[in-house]
Amino acid sequence: MRFPRFFTKKRGHRRTDSHAWGSFAEGFFYALLFGAGVVFGLLLVTGAVSYAPADPDSVVLQRGYEWWMWLLTLLIPVALLAFGGSGLARVVRTWGKSQEHRAAASRTVILQGLAGASPAAGHPGVPSCDNLENSPGIVLRYRLPLESPENWTLVGFGLFALLWNAVVVVLAVGVGADLIGGTTDWLLIGLLVPFVAVGVGGVVLFVRATVLSTSVGPTHVEISDHPLVPGMSYDVRLGQGGAHLFRSIDLGLELEETATFRQGTDTRTQRLVVRRVPVSRWQRVQPVPGGSFEARVSVTIPADAMHSFSSENNAVQWRIVVRALPDRWPEFTRVFPVVVLPVKALVTTAISETVEALE
Amino acid sequence: MTTADASHGDDHVPASTAQPFPRIELRFGHPSRGYDPGEWVTVEYCIEGLNGERPRALERSALWYTEGKGEEDLGVHSFERFATADTIDRVVPEGTFAIQLPTSPLSYEGVIVKIRWCIRLRVFFELGRDHVSEHVFNVGRVPPSILP
């Protein structure tokens, strides 16, 4: 009998490990966990370790565990049994099955929506539009939700400043207690100085980011229809608030590819804009005091455009992007995702809808 | 153990010659291998080099997968498995089948994300040995992406 090879070809010239050995090792790992759970559980339940730690010569006939103590004690064996058992069952269930067979059986295609879990109805791989169409516009049909990277930067700065300064406070309390007690720990004081400097820097960055995000005013984008179709034109209404002069405001379409990959134990995501379609540019814009700058333009989706796509680790997303350069502030970007359907899909849908309407 | 061969154009490239594995010739109804979404794909195939060995099972599938920087995602559109003696005789060593394509996803040649459609034939032999043959085709007419 021939043993499976340790290394086989995956695609092209790349080599990968053997599926058979991989499944065997995975099954062995889960079997070990399951076995450990069984052994620990039996030891605890049968009382094989029942003796009084303070008096090893005495045999304990009845232990004084409360019910919650039992639950706590059995937590680890039960977790081992559950984790090992479910993993082992999964390995057994998929043993010897091809990649296609497993995917077809469990439908692990995992088509994640842009903002929801279900794909657009009837369009496999196209993300759901639900969260993009639940807000009506003031003038046009839909108001698109904002996906601003600046907001996440703001949250990041805020969390960093909060956590870092919490550490600074703990150190400062220690130093203060020492000083009140009449002792001076120069090492602790020396450590505190750079910590305070970084803490102050974190607060300054957070305040600056907050001022930046609030002072330039909100951006609103409305669209006449959604989802979008290649070759079709749509009315888009832009509203930009703020009391400052804007040196320029650009509105355009962008196609962004997103790839998630693992490097060791890290999971990383790379984003890359592969297509830019400028729509309109306004220069030296002064919003109405107390109001906002408003403009209405026509946006045409390129006829050869790739449709929106989203799977577990890869995505192709269209978005309307607004880039503005305020007079005395740094440039900011605000992103409004949209879903573009495959052109043929819409033709098919339109025909079926027409037939239904006629019936 | 799995061996593989792949055909992305007219060439047929056997990946392993260390052991007498079969060779699978596959012909699409459209010689250009280009299809529109919703269109029917007809396929004729011929498995050569079995040397009298009878496969234990045959799997025919139409699927898309992603290539590029990200982890591979896979979506099986159509899957058939023939594992009984009488069904095996109907599909080995040659056979034809047809599948209707879905409306999406379309084939895409991006920069860090690529989507490919293919027909895969996987032949299973005794002792767990199997051989997979992959034949790529295009769905839709989306041009390749180029960095702006």
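Every chain is numbered from 1 and lettered A, B, ... according to where its sequence line falls, protein lines coming before strand lines. All figures in this text were calculated on a predicted structure; none of them were measured in a lab.
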**Prompt:** Would you find a donor on one side and an acceptor on the other, under 3.5 Å apart, between the side chain of Glu312(A) and the backbone of Asp73(B)?
**Reply:** no
**Asked** Less than 4.5 Å apart, any side-chain heavy atom of Pro342(A) and any of Pro37(B)?
**Response** no
**Asked** Checking heavy atoms, do the side chain of Thr258(A), its backbone, both or neither come under 4.5 Å from chain B?
**Response** backbone
**Item:** chain A contact via Pro102(B) - side chain, backbone, both or neither, heavy atoms under 4.5 Å
**Value:** side chain
**Message:** If you define the side chain from C-beta out and look only at heavy atoms, does anything of Leu63(B) sit under 4.5 Å from Gln99(A)?
**Reply:** no
**Complete:** All heavy atoms of Val76(B) vs all of Ala103(A), minimum pair found to be CG2-CB, 3.6 Å
**Prompt:** OG1 of Thr260(A) to CD of Glu71(B): how many Å apart, nearest 0.5 Å?
**Reply:** 8.5 Å
**Request:** Would you mind checking which part of Ile112(B) comes under 4.5 Å of any heavy atom in chain A, side chain (CB onward), backbone (N, CA, C, O), both or neither?
**Result:** both
**Message:** So for Arg262(A), is it side chain, backbone, both, or neither that comes closer than 4.5 Å to the heavy atoms of chain B?
**Reply:** both
**Request:** Drop me the distance from Tyr65(B)'s OH to Glu100(A)'s CD, to the nearest 0.5 angstrom.
**Result:** 11.0 Å
**Prompt:** Got more than 12 heavy atoms from elsewhere within 6.0 Å of CD, Glu94(B)?
**Reply:** no
**Prompt:** Taking side chain as C-beta onward, heavy atoms only, is Glu257(A) less than 4.5 Å from Ser145(B)?
**Reply:** yes
**Request:** Would you mind checking which part of Ile146(B) comes under 4.5 Å of any heavy atom in chain A, side chain (CB onward), backbone (N, CA, C, O), both or neither?
**Result:** backbone
**Request:** Go through the atoms of Val316(A) and report whether side chain, backbone, both or neither lie under 4.5 Å from a heavy atom of chain B.
**Result:** side chain
**Fill in**
When rounded to the nearest 0.5 Å, the distance separating CG of Leu341(A) from OG1 of Thr103(B) is 8.5 Å
**Request:** Please report the shortest heavy-atom distance between Ser311(A) and Thr66(B), naming the atom on each side.
**Result:** OG-CG2, 4.3 Å
**Complete:** In this structure, CZ of Arg120(B) is separated from OG of Ser98(A) (nearest 0.5 Å) by 8.5 Å
**Request:** Can you see which heavy atom on His307(A) is nearest to which on Leu106(B), and at what distance?
**Result:** NE2-N, 2.9 Å
**Asked** Given the options Arg141(B), Glu59(B), Lys69(B), which has more heavy-atom pairs under 4.5 Å with chain A than any of the others?
**Response** Lys69(B)
